[in-house]
Colleague: 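If you scroll down you'll find the structure; I have some questions about it.
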Amino acid sequence: AAAPLPEEDCMKLNPSFVGIALSSLLAIDLWASKRLGVCAGEGSAWGSARPLMKVVEVSGHGIPWLLGTFYGLCQSDSSAAREVLLNLLFALLLDLVMVAVVKGLVKRPRPTHNKMDMFVTISVDKYSFPSGHATRAALVCRFVLRHLVLAVPLRVLVVLWALIVSISRVMLGRHNMTDVLFGLVLGYALYSVVEHCWLSPLNAPALFALW
């Protein structure tokens with residue numbers, strides 16, 4: 001009798017239900033993301049709104065947040081404010097590292113309809129999963145709502161900003177929907193890590209001595 005073929009050489013005529021479901025969800029994700037990319041180019045359905053969406057993009061970029069936080073930390077003369085700003089800086093750096101690691105591992109390419117004209121990119125930014133803007137928006141939103149005393153209208157604006165930044169990633173064609181959804185979940189979870197590892201003069205005296 002002929003020896004059976006190795007498993008890897010056998011044709012899988014009956015793919016698993018999970019495989020079919022994941023393939024279908026991926027197809028829906030790609031289709032819906034392309035349909036929602038209404039600002040992906042000047043000739044798109046909402047191409048005239050593209051400059052405004054790019055301003056929103058910059059508002060959620062890591063560099064303005066890092067520079068602004070570092071400047072506030074240097075100018076602050078309040079120990080309480082320095083503690084909050086130092087932890088915000090820690091949160092932003094943690095966010096950058098985690099997003100870069102996940103992007104490097106997953107290596108999902110950007111949507112085909114994306115224009116690579118993004119504001120200040122690095123090597124891993126050629127990958128799409130997850131959305132760094134979405135993780136940062138969720139992280140900063142939770143951080144600000146927890147540690148800043150704001151009137152209700154301002155708290156609503158902070159939440160709206162996080163949502164608009166996240167939605168703009170799909171509208172600009174930068175990301176697929178699943179990139180943004182996972183980014184929001186990751187950013188929400190990263191805030192919990194920051195709270196758990198909260199830096200204070202008691203557990204990190206060397207850092208506070210610098211300021």
Colleague: Of all residues at least two apart in sequence or in a different chain, which pass the side chain to side chain contact (heavy atoms under 4.5 Å, CB included) check with E42?
Modeller: R50, K115
Colleague: Decide yes or no for K107 and K126: does some side-chain heavy atom of the first lie under 4.5 Å from some side-chain heavy atom of the second?
Modeller: no
Colleague: How close do A49 and C39 get, counting heavy atoms only, and between which atoms?
Modeller: CB-SG, 4.2 Å
Colleague: Shared ILVMFWY cluster between L96 and V101, side chains joined below 4.5 angstrom?
Modeller: no
Colleague: Kindly give the heavy-atom pair with the smallest separation between P64 and H61, and that separation in Å.
Modeller: CD-O, 3.3 Å
Colleague: Between W65 and R136, is a side chain to side chain contact (heavy atoms under 4.5 Å, CB included) present by the stated rule, with each step listed?
Modeller: CA-CA 9 Å; W65 277 100; R136 192 171 303 109; 4.1 Å; yes
Colleague: What is the minimum heavy-atom distance between A91 and L139, and which atoms define it?
Modeller: O-CD2, 3.3 Å
Colleague: Nearest 0.5 Å, what's the NE2-OG distance between H133 and S166?
Modeller: 10.0 Å
Colleague: Does L148 form a side chain to side chain contact (heavy atoms under 4.5 Å, CB included) with F143? I'd like the steps, not just the answer.
Modeller: CA-CA 8 Å; L148 294 186; F143 193 101; over 6 Å; no
Colleague: Let me see the working for T178 and D29 under side chain to side chain donor-acceptor pair (under 3.5 Å), right down to the final yes or no.
Modeller: CA-CA 7 Å; T178 48; D29 179 36; 2.5 Å; yes
Colleague: Could you check whether any side-chain N or O of N87 sits under 3.5 Å from a backbone N or O of L199, counting only pairs where one atom can act as donor and the other as acceptor?
Modeller: yes
Colleague: Carefully, step by step, assess L184 and T135 under the rule side chain to side chain contact (heavy atoms under 4.5 Å, CB included).
Modeller: CA-CA 5 Å; L184 288 171; T135 64; over 6 Å; no
Colleague: How would you list, by chain and number, every residue that makes a side chain to side chain contact (heavy atoms under 4.5 Å, CB included) with S168, sequence neighbours excluded?
Modeller: M53, V56
Colleague: Say you draw a straight line from CG of L172 to CD1 of I167; how long is it, rounded to the nearest 0.5 Å?
Modeller: 12.0 Å
Colleague: Under the side chain to side chain contact (heavy atoms under 4.5 Å, CB included) rule, what do F129 and H175 come out as? Steps first, then yes or no, please.
Modeller: CA-CA 8 Å; F129 185 91; H175 291 279; over 6 Å; no
Colleague: In Å and rounded to the nearest 0.5 Å, what is the OG1 to CG distance from T112 to L30?
Modeller: 8.0 Å
Colleague: Please determine whether salt bridge (Lys or Arg N to Asp or Glu O under 4.0 Å) holds for the pair D117 and R174, giving the CA-CA distance in whole Å, both sets of side-chain angles, and the decisive distance to 0.1 Å.
Modeller: CA-CA 10 Å; D117 59 349; R174 307 293 198 209; 2.8 Å; yes
Colleague: Where is the tightest heavy-atom contact between G173 and N114, given as atom of each residue plus distance?
Modeller: O-CB, 2.9 Å
Colleague: Honestly curious: do V170 and V38 fall in one hydrophobic cluster under the side-chain, below-4.5 Å linking rule?
Modeller: no
Colleague: Do Y71 and L88 land in one hydrophobic cluster if side-chain heavy atoms of ILVMFWY residues count as linked below 4.5 Å?
Modeller: no
Colleague: Please table the atom pairs, donor to acceptor, closer than 3.5 Å between any side-chain atom in residues 151-164 and protein atoms at least two apart or in another chain.
Modeller:
residue : atom : partner : partner atom : Å
R155    : NH1  : L145    : O            : 3.2
R155    : NH2  : L145    : O            : 3.4
W161    : NE1  : S59     : OG           : 3.1

Colleague: Measure across L92 and V140 and return the closest heavy-atom pair with its distance rounded to 0.1 Å.
Modeller: CD2-CG2, 4.1 Å
Colleague: Would you indicate whether the side-chain heavy atoms of C197 and F90 approach each other to under 4.5 Å?
Modeller: yes
Colleague: Name all residues meeting the side chain to side chain contact (heavy atoms under 4.5 Å, CB included) criterion together with L85; count only those two or more places apart in sequence or in a different chain, and write none if there are none.
Modeller: T69, L73, S76
Colleague: In terms of hydrophobic clustering (I, L, V, M, F, W, Y; side-chain heavy atoms under 4.5 Å; direct or indirect links), are L26 and I28 co-clustered?
Modeller: no
Colleague: Excluding sequence neighbours, so at least two apart, what forms side chain to side chain contact (heavy atoms under 4.5 Å, CB included) with D77?
Modeller: none
Colleague: Enumerate the side-chain hydrogen bond (donor to acceptor under 3.5 Å, both in side chains) contacts for residues 188-197, please, sequence neighbours excluded, ordered by first and then second residue.
Modeller: R142-S192, H147-Y191, H147-E195, Y191-E195
Colleague: Would L186 end up clustered with V106 when hydrophobic side chains under 4.5 Å apart are linked, directly or stepwise?
Modeller: yes
Colleague: Roughly how far, to the nearest 0.5 Å, is the CH2 atom of W31 from the CG atom of L36?
Modeller: 8.0 Å
Colleague: Please find the pair of heavy atoms, one from M118 and one from D125, that lie closest to each other, and give the distance.
Modeller: CE-O, 4.0 Å
Colleague: Is there a donor-acceptor pair under 3.5 Å between the side chain of S44 and the backbone N or O of G47?
Modeller: no
Colleague: Measuring from R82:CZ to C74:SG, what's the distance to the nearest 0.5 Å?
Modeller: 11.0 Å
Colleague: Tell me whether R108 is salt-bridged to D179, with the criterion being a basic N under 4.0 Å from an acidic carboxylate O.
Modeller: yes
Colleague: Take a 6.0 Å sphere around CH2 of W46 and say whether it holds more than 12 heavy atoms from other residues, nucleotides or ligands.
Modeller: no
Colleague: Using modelled atom types and a 3.5 Å cut-off, is there a donor and acceptor pairing between side-chain atoms of N176 and backbone atoms of P111?
Modeller: no
